Amino acid sequence: MTKPELPTQYTPADVETRSYEQWVADGRFHADSGSDKAPYTIVLPPPNVTGSLHVGHALDHSIQDALTRRARMRGFETLWLPGMDHAGIATQNVVERELAKEGLSRHDLGRERFVERVWQWKAESGGKILGQMKRLGDGVDWDRERFTMDEGLSRAVQTIFKRLFDDGLIYRAERIINWCPRCLTALSDIEVEHSEDEGELVSIRYGDGDASIVVATTRAETMLGDTAVAVHPGDERYAHLVGTEVELPLTGRRIPVVADEHVDPEFGTGAVKVTPAHDPNDFEIGRRHDLPSLTVMDERGVVTAHGPFEGLDRFEARPAVVAALREQGRIVAEKRPYLHSVGHCSRCKTVVEPRLSLQWFVSVGPLAKAAGDAVRDGRTVIHPPELAKRYFDWVDDMHDWCISRQLWWGHRIPVWYGPAGEVVCVGPDEEPPAGYTQDPDVLDTWFSSGLWPISTLGWPEDTEALRKFYPTTVLVTGYDILFFWVVRMMMFGLYAMDGQPPFRTVALHGMVRDQFGKKMSKSFGNVVDPLDWIERFGADATRFTLLRGANPGSDVAISEEWAAGSRNFCNKIWNATRFALLNGATVAAPLPPPAELTATDRWILARLNEVITEVDGYFEDFEFAKVSDALYHFAWDEVCDWYVELAKVQIARGGEEADRTRLVLGHVFDALLRLLHPLTPFVTEELWRALTGEDSITVAAWPGADPAYADPAATAEILALQDLITEVRRFRSDQGLKPGQRVAARLVGMESSPVSAHEEAARSLLRLDAPSGAFSPTATLTVQGVTVEIDTAGAIDVAAERKRLEKDLAAARKELAQATGKLANAQFMSKAPEDVVVKTRARESQARADIERIEAQLAALPAT
RNA sequence: GGGCGAUUAGCUCAGCGGUAGAGCACUCGCCUUACAAGCGAGGGGUCACUGGUUCGAACCCAGUAUCGCCCA
C-alpha cells in the first residue's frame, strides 16, 4: 500500500499554512470572468483598513467561505471578492495619534503631506486583517483585492457623485447635523450611538410675574442661544402669553412665546425653550416661526459668547449657567440624576453636539424608494424574512444623508467654487475652470463602500467582470449593518445599474456572544480572539464552532469548551478516515450495485443519500447550524459508531465482501469529506488527498444524491440491529460486565428475526462468544424477536435487573394507557387523520407486546 | 414613547398541532488493535404564567410577567 502514514492525532498547524499556500499558488480561488460556467458571486463586506480579525468577522467569513467553496464544487464560476474600506475617521484618528507622539498635528504637516503619511501608514501597518483571513482559510480571489481609495474605486465615487449631482439628488444646505467636537467633523445619523445616560433636568423660569413661563431642559447651557419659548397652540395655560415676549435670563434679551403643534403639552410644564442653532427639533420650530438661529458654541463645544461663560467647555458651562440662574432665583426644580438618551460619536464616544452648519446631502427619496421596491417585488430577497420588516422601516422613513466630512482622509468632494460663488461639479475626466477652488471636505466612507459591489467589478467601465458577476448572488453580513451599509449599496447599485439590484439575496447572521449569551466586550473580559482559537484548536474547529451555532438571523453563543468539541470532531474524522485507509478503503473502482451489497452497506449508502439531500436543503436556506449538525451526527453517530464497527466484521470475513466493503468505505468517506469541506476545509483536504490520491478537494465535485441507493428495508433492518445491540449492551452495563469482557451467549430465534443476517456482527459488537460445552445461562432477555441467553460469568445482579425491568414496564404501561385512551375516544377516532390513528394503534400493540415480554422476564427472575 | 424578538434539561440552542431533542456539562464502567481530543451505559424538563381554540397545544390565539435588541 502506498498510502501515507497518518499520525493518530490531527495537528492543524502541520497542514493549514501549507494547504492554504498551495491553494493560492494553484489558483483555486481565482474566478475567470471569461468562463462559460454560471456565476456565483459574493463580495466580502470590506473590513476597515485599521481593523483586525475579530470573532464577528470569523463568523461572517466562515459563512461566505462555506457558500463559495460549495458553489465552486458544484461547478459555478465562483468569485469571492476581498478588499478593505479606507475608514475615514478611524484611519485619520490612528495616524493623528501617531503624529501626536511626535508632537505634531495634521495641520503641522498640511493636507498633502498628511494624506501621504496616511498612505505610508496603510502600506506599513494597514490591512493586517488580510493576512489573518488566510489563517481562517478564506478562499477569496486575491487577484481581485480592492481598496476603496484605489484609483478605479475613486473614479467610481466621482462618477456617481457627478451623476447624482446632475440629477439634483445631491445638494448643499445649512442644517443641524450631528457634530463630533473631538473628531471635528459632521456625522451621519447612523454614526451616532444612543445610550441612556445620567444627566440633569432643570426647570427654569423665564420672564417675571404674570409674564413668566417655566421651561425644563437637560442642556441648560444652550439657553444662551434661545430665541423663543414654544407651547402647544391648544394649551390654555399659556394662551395669554402666545405672541408676547419674555425676558431671557442672563442675557437681557427678550424672546417671543410661539405656539407650535409639535410641542407636547404633557411633557414637563408644556413649555419648551427653543435653541434653533443647537437642537434639531428647535431648528424645525425656528424654521416654522422664522426665528433667528444663534450659535453660542464653537466647533469644539466651547461657549463663544456671553461674558462669564465665554471660553467654557459645554460641560463646564452647564453647571456655571445653572449656578448663575440659581443665584437669580430662577431655578424652579432640579432633577438629578435624570436618565435620558444621549448621542455619542460611534468612533470616539464623545457626546455628539447638534450643530448648525453647511454640509452636502444626498436626497434619498427616490433612491430609498427604489431600494425598498427591489425587496418588495422580490428582485432582492432578505433572509431570514422576518428581518425584511426592519429594512422597510428604515428605507421607508429615511432622512437625507449627510455625506460631507471635515476630514482629510477620503474622497474629496468633486465640487469647485468660482470667485463669484459659482458652483461646479467636476466629473472624472473633467478639469475645473481656472481660478476655482475645490471644496475642502471629503465624503463619508459609506459613500464609497456603498458602491462596493459595482466599483470592485470595474464600474463605471462596462467590464467583462461586471457583466459576468453582477448582480452578486448573495451578500452575507450581520443584521446590525442592514441599514448602515446594505441599504446604501442597494440605493447606489439600483441607481447605477439601471434597476439591477446588487444582490439576489441578502443573508443576515447575528452577533457572536459568549457562552452565557452575553455580548463580548473588552471591559467584561469575555472577548474571544479567533486567532488564539485557530492556534489552539485549529481553523477548522474555530469555523465549525461558529457555523454550528449559526441559525439564520440570530446570535451565536460560543465557548472554549465548544471549540474543543469541534476540535474533537475534526480529530474524529481524522481517525475514522485513518481507519478506513488502514483497512484499504478505496475509490479506485466504481461502487457495486445495491444488489451485490450487504444490508449494512446499503443502509449507510441510503443514509448518505438522505444526508446529502438534507444538507443541500439546509445550505439553500442558510441554515448553517443544521448543515453542521446533520453532518456531525451522520459522521459520528452513524458512520463512526455503527458503520465502521460493522464494516470491521465484513472486512474480517475477507473475500469479495471485504473488497466491496472497502469500496463502500472509500465511497462514504469520499462523500463525507466533500460534504464537510466547505465547513472544515483543511482537515478534509488533507484526508481527501490521502484517500483519493488526487490534487485537491477544492475542485472535487459536490456529492449528489443517487436514488438508486435509497433503501428503507435495509434501514429498518439496521435500526433493528442497533436496537438489539443497544439493549444487550445496556443489560451488560447494568450487570456490571466490563465492555471488553467476553461472555458466552446463545442467540435464540435469530433466524426468524429481522436481524437474521447479523449474528456475527451482533456477537462481535457485543463481545459474545459461542456457548461452549458447559454452557449455563444465568440471564435471558428478548429484543427484536431474539432471545439472548447469557452466561454472565458470575452472580447476576437481580436487584439491578428488576429495577431496570420495572422502569421499562412502567414506561410501557404509561404508553399503553395513553394509546388506549386515545383509541377509546370517539372524537379522536372520528376527527384525527387516518395516519395518526394507524400510528396510535401500532403504539398500542407495541406497548402490549413490550408489557408481556417484560412481565415474562420479571417472572423469570430468581427471587431475591 | 414606538416596534421587533425571546422565554424548552445546569449552560447554549433546535423543535412550531399528533410518543419532549442536540451539543457541552453531569453520573457509572472501560486504555475493547481508527481515535482517552476516545468507547459503552445512564440520570436530568409540570416546554415563563393565565385563559382560550382543538379529538389533541411546547407549537395556534389573547392577556400577563421577565429579558434582549432596534428606532425615537
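Any value given below was found using the heavy atoms of this structure, including those in side chains, with hydrogens, waters and symmetry copies removed. Per chain, numbering begins at 1; letters A, B, ... match sequence-line order. Values in this document were obtained by computation on a predicted structure and should not be read as measured data.
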Examine [N]: is either OP1 or OP2 under 4.0 Å from a nitrogen or oxygen in the side chain of [X]? Give yes or no.
X      : N     : result
A:N825 : B:G56 : no
A:K738 : B:G29 : no
A:W636 : B:C39 : yes

So what does [X] touch, heavy atoms closer than 4.0 Å: a base, only the sugar-phosphate, or nothing?
X      : answer
A:D480 : nothing
A:K572 : base
A:C570 : nothing
A:R567 : base
A:Q9   : base

Handout entry: 5′-ward residue of the pair A:V192/A:I725 relative to RNA chain B
Key = A:I725

Fill in the blank from the handout: Nearest-nucleotide check on RNA chain B, A:Y10 vs A:E386; residue mapping nearer the 5' end is A:E386

Exercise for the section: Please name the residue in the list A:D540, A:T545, A:T680 that meets the side chain to side chain donor-acceptor pair (under 3.5 Å) test with A:S566. Expected result: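 Only one option passes, and that is A:T545.
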
Which whole number of Å gives the distance between the [atom1] atom of [N] and that of [M]?
N     : M     : atom1 : answer
B:U50 : B:A65 : C1'   : 11 Å
B:C39 : B:G52 : P     : 50 Å
B:U19 : B:A57 : P     : 12 Å
B:C47 : B:G15 : C1'   : 10 Å
B:U54 : B:C59 : P     : 16 Å
B:G42 : B:U33 : C1'   : 27 Å
B:G10 : B:C70 : C1'   : 31 Å
B:C60 : B:G18 : P     : 11 Å

Practice task
Record whether the side chain of A:R730 comes under 3.5 Å of the base of B:A41 through a donor-acceptor pair of N or O atoms.
Solution key: no

Nearest whole Å is fine: how far is [N] [atom2] from [X] [atom1]?
X      : N     : atom1 : atom2 : answer
A:R390 : B:C71 : CZ    : P     : 8 Å
A:W394 : B:C71 : CH2   : P     : 7 Å
A:L766 : B:G29 : CG    : P     : 21 Å
A:E645 : B:A34 : CD    : P     : 8 Å
A:Q722 : B:G40 : CD    : P     : 11 Å
A:N178 : B:A72 : CG    : C1'   : 13 Å
A:N583 : B:A34 : CG    : P     : 7 Å
A:D396 : B:G3  : CG    : C1'   : 14 Å

Handout entry: Verdict with reasoning, A:D808 to A:R813, per side-chain contact (heavy atoms from CB on, under 4.5 Å)
Key = CA-CA 9 Å; A:D808 288 354; A:R813 280 181 174 151; over 6 Å; no

Exercise for the section: Tell me, please, which residues at least two apart from A:D850 pass salt bridge (Lys or Arg N to Asp or Glu O under 4.0 Å). Expected result: A:R853

Exercise for the section: Say whether A:Y10 and A:N575, considering side chains only, have a donor N or O and an acceptor N or O under 3.5 Å apart. Expected result: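 Judged by distance alone, the side chains do not pair up.
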
Exercise for the section: Assess the side chains of A:Q735 and A:D797: does a donor N or O sit below 3.5 Å from an acceptor N or O? Expected result: no

Exercise for the section: Tell me, please, whether A:W562 has A:R536 positioned over its six-membered ring: NZ or CZ under 6.0 Å from the ring centre and within 45 degrees of its axis? Expected result: no

Practice task
Between protein and nucleotides 13-22 of chain B, map the contacts as a letter string: B base, S sugar-phosphate only, - none, heavy atoms under 4.0 Å, written 5' to 3'.
Solution key: SSS--BB--S

Practice task
Write down the atom of A:A541, the atom of A:R567, and the distance for their closest heavy-atom approach.
Solution key: CB-N, 3.5 Å

Exercise for the section: Write down the atom of A:I604, the atom of A:V668, and the distance for their closest heavy-atom approach. Expected result: CG2-CG2, 3.9 Å

Of all the nucleotides listed ([options]), which has the minimum atom distance to the side chain of [X]?
X      : options             : answer
A:S733 : B:C35, B:G40, B:C71 : B:G40
A:N571 : B:A37, B:U12, B:A41 : B:A37
A:V644 : B:G42, B:A34, B:C24 : B:A34
A:K648 : B:A37, B:A34, B:C39 : B:A34
A:P739 : B:G40, B:G29, B:A34 : B:G29

Fill in the blank from the handout: Its dot-bracket string being built from Watson-Crick and G-U pairs below 3.5 Å, with | for another strand and [ ] for crossing, RNA chain B has the pattern ((((((((.[[[[.)..(..]]]].(((((.......))))).....[[[[[..)....]]]]]))))))).

Problem - Residues forming a side-chain hydrogen bond (donor to acceptor under 3.5 Å, both in side chains) with A:E727, sequence neighbours excluded - result: A:R730

Exercise for the section: Not counting sequence neighbours, which residues clear side-chain contact (heavy atoms from CB on, under 4.5 Å) with A:E561? List them please. Expected result: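 Result, side-chain contact (heavy atoms from CB on, under 4.5 Å) vs A:E561: A:Q515, A:S559.
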
Exercise for the section: Please identify each residue that fulfils side-chain contact (heavy atoms from CB on, under 4.5 Å) with A:L816, with sequence neighbours left out. Expected result: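 Once residues adjacent in sequence are excluded, the partners of A:L816 under the side-chain contact (heavy atoms from CB on, under 4.5 Å) criterion are A:T820, A:E844, A:A847, A:R848, A:I851.
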
Fill in the blank from the handout: So OG1 of A:T684 and CG of A:L676: to nearest 0.5 Å the spacing works out to 7.0 Å

